Amino acid sequence: MSPVILLSFIIIYFAVLLAVAHFTSKGASDNSTFFVANRNSKWYMVAFGMIGTALSGVTFISVPGAVGASEFSYFQFVLGNAVGFVIIAYVLLPLYYRMNLTSIYTYLEERFGHTTYKTGAAIFLVSRTIGSAFRLYLVAIVLQHFIFDAWNVPFAITVVICLVLIWMYTNKGGLKTIIVTDTLQTTFLVTAVILSIYFMAKGLDFGIVDTFEAVKESSYSKIFFWDDFVGSKANFWKQFLGGIFVTIAMTGLDQDLMQKNLSMGTIKEAQKNMITFTSVFVVINIFFLAVGALLYIYAAKNGIDVTQLATRDYLYPEIALNHLAIVPAIIFMMGLTAATFATTDSALTALTTSFCIDFLNFNKKENPNDPTLIKQRNYVHFGFSIVMLLVILVFKLINDDSVVNAIFTAASYTYGPLLGLFVFGIFTKYAVRDKAVPYICVLSPTVLFLLKTYVIEVYTPYVIGLDLIIINGFITFVMLLISSPGKASEKALSHN
């Protein structure tokens with residue numbers, strides 16, 4: 001597949017995004033527009049656009065690639081996600097709307113105190129920066145390998161180009177622009193998945209019924225794994241419960257996806273958005289898994305040696321770009337690009353919002369739309385783009401997949417304390433020792449890591465999988481409970 005052709009379509013794609021950004025931000029660049037889209041977003045656009053944000057470029061290539069080793073066990077996690085989204089809709093969103101929040105971490109200040117509030121916001125900033133940089137890094141490697149290496153473009157320049165383009169179309173309109181561009185990008189993503197199935201089925205001489213039967217009868221289609229709760233990460237209960245709590249922590253307690261929900265006028269619209277989003281999310285993941293099964297069936301039929309690939313993540317791009325026709329190759333690259341940038345643009349906006357509200361106190365200013373504050377917001381937005389670039393370059397400098405993945409896993413540890421804090425705040429009437437909370441939020445994942453590495457993995461057959469975040473949150477909860485000075489004031493409990 002010619003790199004020139006692929007690059008040409010990506011340029012056209014970004015030209016469309018920039019045009020959308022121009023029209024959506026025209027005459028509206030204030031902070032209310034940037035942070036919450038003036039709270040008049042259409043729920044159906046947000047619901048559809050959130051798919052692109054929730055399904056990153058890593059999901060786009062990793063879920064299909066993982067089917068060869070883990071079959072359809074990932075769908076157990078997706079079912080847990082669905083339950084988690086419903087809990088967010090009917091437990092967390094009513095809380096956020098009652099308090100009329102822009103940053104969800106403001107709740108922690110009202111419930112616990114200033115130090116706890118800053119701790120929660122800082123956890124989000126660190127976790128989301130590392131997580132989003134990691135996702136962009138993995139996809140930038142694919143773009144580098146299949147496009148930019150042909151002209152010996154340095155990897156750093158590839159990443160700079162990506163971030164500059166994202167900054168250009170999000171800088172002025174912020175969330176208002178992203179809600180529209182994410183809708184467009186989700187359309188590309190969904191189209192890419194459906195058409196990938198079509199073109200692979202065509203290459204295998206399958207009709208619609210044949211394709212369905214081939215996936216169903218393949219050795220990859222097993223969904224439910226009930227055996228070996230102790231020794232397997234694929235066990236249903238680990239995947240399902242992990243899916244619930246990962247969703248609550250990494251979506252419901254994450255400024256990124258919640259910011260879109262808070263951009264709607266009423267709680268009813270926000271809940272309608274979440275339920276619609278959940279339905280589409282489950283269906284699109286079924287398609288991703290079907291793509292994975294067809295990739296391995298296609299590889300087997302066409303003599304593609306999967307074991308020769310550096311990683312299973314390369315299977316989808318390898319077949320799409322080197323073994324199918326030009327149209328499916330372009331569609332794949334557009335889908336991958338859409339999935340990646342829908343995640344990164346949203347993250348940059350959420351990071352900017354959190355920093356401006358939680359650390360620069362924009363929400364406490366007499367005039368939040370003062371030109372000086374808008375200029376500060378622009379500096380913050382640009383600053384996080386630079387930070388993300390530096391983090392990605394550090395990943396590249398390390399150049400060791402196991403180390404880079406370990407860093408990403410370490411970032412996922414930090415959502416456990418957030419989960420523990422919010423559960424403690426919502427479901428108990430106790431106060432916390434505000435000054436002790438930062439130490440608890442550092443100690444909890446540290447204790448879990450030591451326990452997992454030097455006790456559980458050494459002396460027991462138990463294998464921790466997606467239940468890691470549950471254990472982490474539980475440790476935080478127990479530490480908060482033990483250190484609690486007693487019942488909280490009525491004022492602190494007034495929003496629960």
Side-chain angles (χ1 to χ4, degrees), residues 17-18 21 24-25 28-39 41 46 49-50 52-53 56 96 101-106 117-118 120-136 159-160 162-182 185 250-251 253-263 340-365 367-392 411:
L17 290 183
L18 290 171
T24 56
S25 62
S29 60
D30 60 22
N31 286 327
S32 179
T33 300
F34 189 95
F35 296 149
V36 290
N38 305 118
R39 297 195 190 275
S41 300
V46 176
M50 279 176 62
T53 305
S56 69
Y96 299 155
L101 301 182
T102 298
S103 166
I104 63 174
Y105 308 110
T106 309
Y117 165 44
K118 299 299 182 185
I123 288 172
F124 163 72
L125 292 176
V126 172
S127 303
R128 177 52 69 181
T129 298
I130 293 175
S132 296
F134 177 80
R135 292 177 178 92
L136 184 57
V159 179
V160 167
C162 293
L163 287 170
V164 166
L165 288 168
I166 292 170
W167 181 86
M168 287 174 64
Y169 74 80
T170 60
N171 182 55
K172 191 175 181 183
L175 190 61
K176 184 177 180 180
T177 295
I178 283 174
I179 287 170
V180 179
T181 56
D182 278 4
Q185 293 184 117
M250 295 190 175
T251 299
L253 307 181
D254 185 287
Q255 178 67 26
D256 190 352
L257 284 167
M258 287 301 95
Q259 189 166 343
K260 294 181 174 66
N261 282 281
L262 296 175
S263 71
T340 303
F341 291 100
T343 303
T344 309
D345 61 18
S346 182
L348 277 176
T349 303
L351 289 166
T352 302
T353 300
S354 177
F355 192 84
C356 288
I357 300 296
D358 301 323
F359 291 94
L360 299 182
N361 301 316
F362 276 30
N363 58 323
K364 297 178 181 177
K365 304 295 184 183
N367 179 15
N369 292 319
D370 184 281
T372 303
L373 297 182
I374 293 173
K375 187 178 292 187
Q376 286 183 18
R377 184 204 75 206
N378 290 336
Y379 288 146
V380 172
H381 191 233
F382 180 76
F384 273 110
S385 300
I386 298 298
V387 169
M388 198 166 290
L389 169 64
L390 294 176
V391 173
I392 292 170

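Owing to the predicted nature of the structure, the values given are computational and were not obtained by experimental measurement. Starting from 1, each residue takes its place in the sequence as its number.
How far CG of Leu253 is from CD1 of Ile123: 10.5 Å, rounded to the nearest 0.5 Å. Considering CG of Leu163 and CG of Leu389, their distance stands at 6.0 Å, rounded to 0.5 Å. Atom CZ of Phe355 sits about 12.5 Å away from atom CZ of Phe124, to the nearest 0.5 Å. Distance CD/Gln259 to OG/Ser103: 8.5 Å, rounded to 0.5 Å. The OG atom of Ser354 lies 6.5 Å from the CZ atom of Phe359; values are rounded to the nearest 0.5 Å. To the nearest 0.5 angstrom, Asn378 atom CG is 8.5 Å from His381 atom NE2.
Of the residues listed (Thr102, Val380, Leu348, Asp358), the one engaging Thr353 in a side chain to side chain contact (heavy atoms under 4.5 Å, CB included) is Thr102, and it is the only one.
When every heavy atom of Ile357 is checked against every heavy atom of Phe362, the shortest pair comes out as CD1-CB, 3.9 Å. Annotation for Ala133 and Ile392: closest pair O-CG1, 3.5 Å, computed over non-hydrogen atoms. Summarising the geometry of Ile179 relative to Ser263, their closest heavy-atom pair is CD1-OG, 3.5 Å, with the distance given to 0.1 Å.
Remark: Tyr379 OH is loosely packed, at most 12 non-hydrogen atoms of other residues, nucleotides or ligands lying under 6.0 Å away.
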side-chain contact (heavy atoms from CB on, under 4.5 Å) evaluation trace for Met258 with Asn261: CA-CA 5 Å; Met258 287 301 95; Asn261 282 281; 3.4 Å; yes
Residue pair Met388, Leu351: steps toward the side-chain contact (heavy atoms from CB on, under 4.5 Å) verdict: CA-CA 11 Å; Met388 198 166 290; Leu351 289 166; 4.0 Å; yes
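Side-chain contact between Trp167 and Asp345 is absent, with no heavy atoms from C-beta onward closer than 4.5 Å. Side-chain contact between Tyr105 and Lys118 is absent, with no heavy atoms from C-beta onward closer than 4.5 Å. With a 4.5 Å cut-off on side-chain heavy atoms, Lys260 and Ser346 count as touching.
Looking at residues two or more places apart in sequence or on another chain, you find a side chain to side chain contact (heavy atoms under 4.5 Å, CB included) between Ala347 and Arg128, Ser132, Asp256.
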